[in-house]
Amino acid sequence: MPELPEVETVRRSLLPLIVGQKPRRIEIFNESVVACGDLADLLGLEIMDIGRRGKYLIIYFEKELTLVVHLRMTGRLLWREQPLPLPKHSHVVFRMEQGGELVFADVRRFGRLWLVPQSGLKEISGLCKLALEPLDEGFSSENLQQNLQRHKKAPIKAVLLDQTVVAGLGNIYVDEVLFAAKLNPMRLTGNLTESEIAVLAEVMPQILAYAIEKRGTTFRDYVDGNNQSGTYQDFLKVFHKEGEKCSVCGTVILKTKVGGRSTFYCPNCQPK
DNA sequence: GCCCACCTGTCA
DNA sequence: TGACAGGTGGGC
Ligand SMILES: [Zn+2]
């Protein structure tokens, strides 16, 4: 479900609600979502901050403990002032000393929690292999180009979904970024010119920043920590727009499959 | 690289 | 009944 803008929106929504809180009781209804660590170690420890890397949320506790959360497709982190009844598919609940609770719910149970000492963050494989994100200081056309090099024979869409190439994009924003850069999703990465890659690197941070400003995209499941939907679905240009007219040229948007994922593009603005 | 598994729900 | 869903990791 959530890509970088949605995860960042969850982070921002929870920040004023849970920083300073201390769990007094932790209930686990489904052990399988806890990838590592004993959550009981968090009892009585204060939440100091919430960070994010790519699509991973990192909740910093006292004593250098960190709770890493990945929502995958349908995961949610919800803050609730009033307990009961819990949302469906709640798997872990952190009841706080001052009242209120943080709930991890996930219909498909793909989401994961990792509890590690701060020094153990580098051992979470997906997290430690992440590339730079488009909104990072050091992100540049050169950096992107260098990472694209490793996948010359693959379609650009599939490569941009690889979190070790650029972190944070998922199926929605890759399609939107490729439309903005006027690149066909099936173009082979090795055939992109330097200037095409420069345009890609330029539109990525713009689109992500705009999507964050609009609090992410809600199609079905996504909500932030306050159970609020995003609004960026009102600003999408191609994703889930098959059969509609391109906002730039009026050509009908097509749907196809690239790298096993549904892919939407304008055949006129994004020629082969 | 591609395909599948991981899960449940929804919709044609 | 089957295809599909915003992600990732493991198998070949
Ligand atoms: Zn167009």
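Note that this is a predicted model, so its numbers are computed, not measured. All values below come from the heavy atoms of this structure, side chains included, with hydrogens, waters and symmetry mates left out. Labels below follow one simple rule: chain letters A, B, ... track the order of the sequence lines, proteins then strands, and each chain is numbered from 1.
- One can place CG of A/Asp106 at 11 Å from P of B/dC7, the figure rounded to the nearest angstrom.
- Taking only side-chain nitrogens and oxygens, A/Lys153 never comes nearer than 4.0 Å to OP1 or OP2 of B/dG1.
- For A/Lys88, no side-chain nitrogen or oxygen approaches OP1 or OP2 of B/dG9 to under 4.0 Å.
- Using a 4.0 Å heavy-atom distance criterion, A/Phe239 is classed as a sugar-phosphate-only contact.
- In this structure, A/Tyr210 has its ring center under 6.0 Å from that of A/Tyr232.
- One atom, CZ of A/Arg72, and another, C1' of B/dG9, lie 19 Å apart when rounded to the nearest Å.
- You can call A/Phe110 stacked on the base of C/dG7; the centres are under 5.5 Å apart and the planes sit within 30°.
- Counting any heavy atom pair closer than 4.0 Å across all strands shown, A/Thr217 reaches a base atom.
- Under 4.0 Å is where a charged nitrogen must lie from a carboxylate oxygen, and between A/Arg187 and A/Glu196 at least one such pair does.
- Of all nucleotides listed (B/dG1, B/dG9, C/dG9), B/dG1 comes nearest to the side chain of A/His151.
- Phosphate contact (OP1/OP2 of B/dG9, side-chain N/O of A/His89, threshold under 4.0 Å): present.
- Regarding A/Arg112, its CZ atom lies at a distance of 13 Å from the P atom of C/dT8, rounded to whole Å.
- Across the protein-nucleic acid pair, A/Ile156 atom CD1 and B/dG1 atom C1' stand 15 Å apart, rounded to whole Å.
- The nucleotide whose nearest atom lies closest to any side-chain atom of A/Gln163 is, among C/dG6, C/dT8, B/dG9, C/dT8.
- With respect to the salt-bridge test (charged N to carboxylate O, under 4.0 angstrom), the residues A/Glu101 and A/Arg24 do not qualify.
- Distance, A/Leu188 CG to B/dC2 C1': 15 Å, rounded to whole Å.
- Rounded to whole Å, the distance from CZ on A/Arg220 to P on C/dG7 is 11 Å.
- A distance of about 15 Å separates the P atoms of C/dG6 and B/dC11, rounded to the whole Å.
- Close to C/dG7, at under 4.0 Å from its OP1 or OP2, lies no side-chain N or O of A/Arg108.
- The distance between atom CZ of A/Arg261 and atom C1' of C/dG7, rounded to the nearest whole Å, is 6 Å.
- Taking the P atom of each, B/dC4 and C/dG2 are spaced 15 Å apart, rounded to whole Å.
- Of the candidate nucleotides C/dT8, B/dG9, B/dC7, B/dG9 has the atom lying nearest to any side-chain atom of A/Val107.
- A/Phe179 has its ring centre no less than 6.0 Å from the ring centre of A/Phe264.
- Side-chain atoms of A/Thr263 come within 3.5 Å of backbone N or O of A/Arg261 as a donor-acceptor pair.
- In the set C/dC4, C/dG6, C/dT8, C/dC4 carries the atom at the smallest distance from any side-chain atom of A/Lys257.
- Rounded to the nearest Å, the gap between the P atom of C/dA3 and that of B/dC3 is 15 Å.
- We find that OH of A/Tyr56 is positioned 6 Å from P of C/dT8, with the value rounded to whole Å.
- Applying the Watson-Crick and G-U wobble criteria (two distances, each under 3.5 Å), B/dG9 pairs with C/dC4.
- For an aromatic pair to be called close, the ring centres must be under 6.0 Å apart, and A/Phe29 with A/His91 fails this.
- When each of A/His70 and A/Gly260 is assigned the nucleotide of DNA chain C with its nearest heavy atom, A/Gly260 is the one assigned upstream, toward the 5' end.
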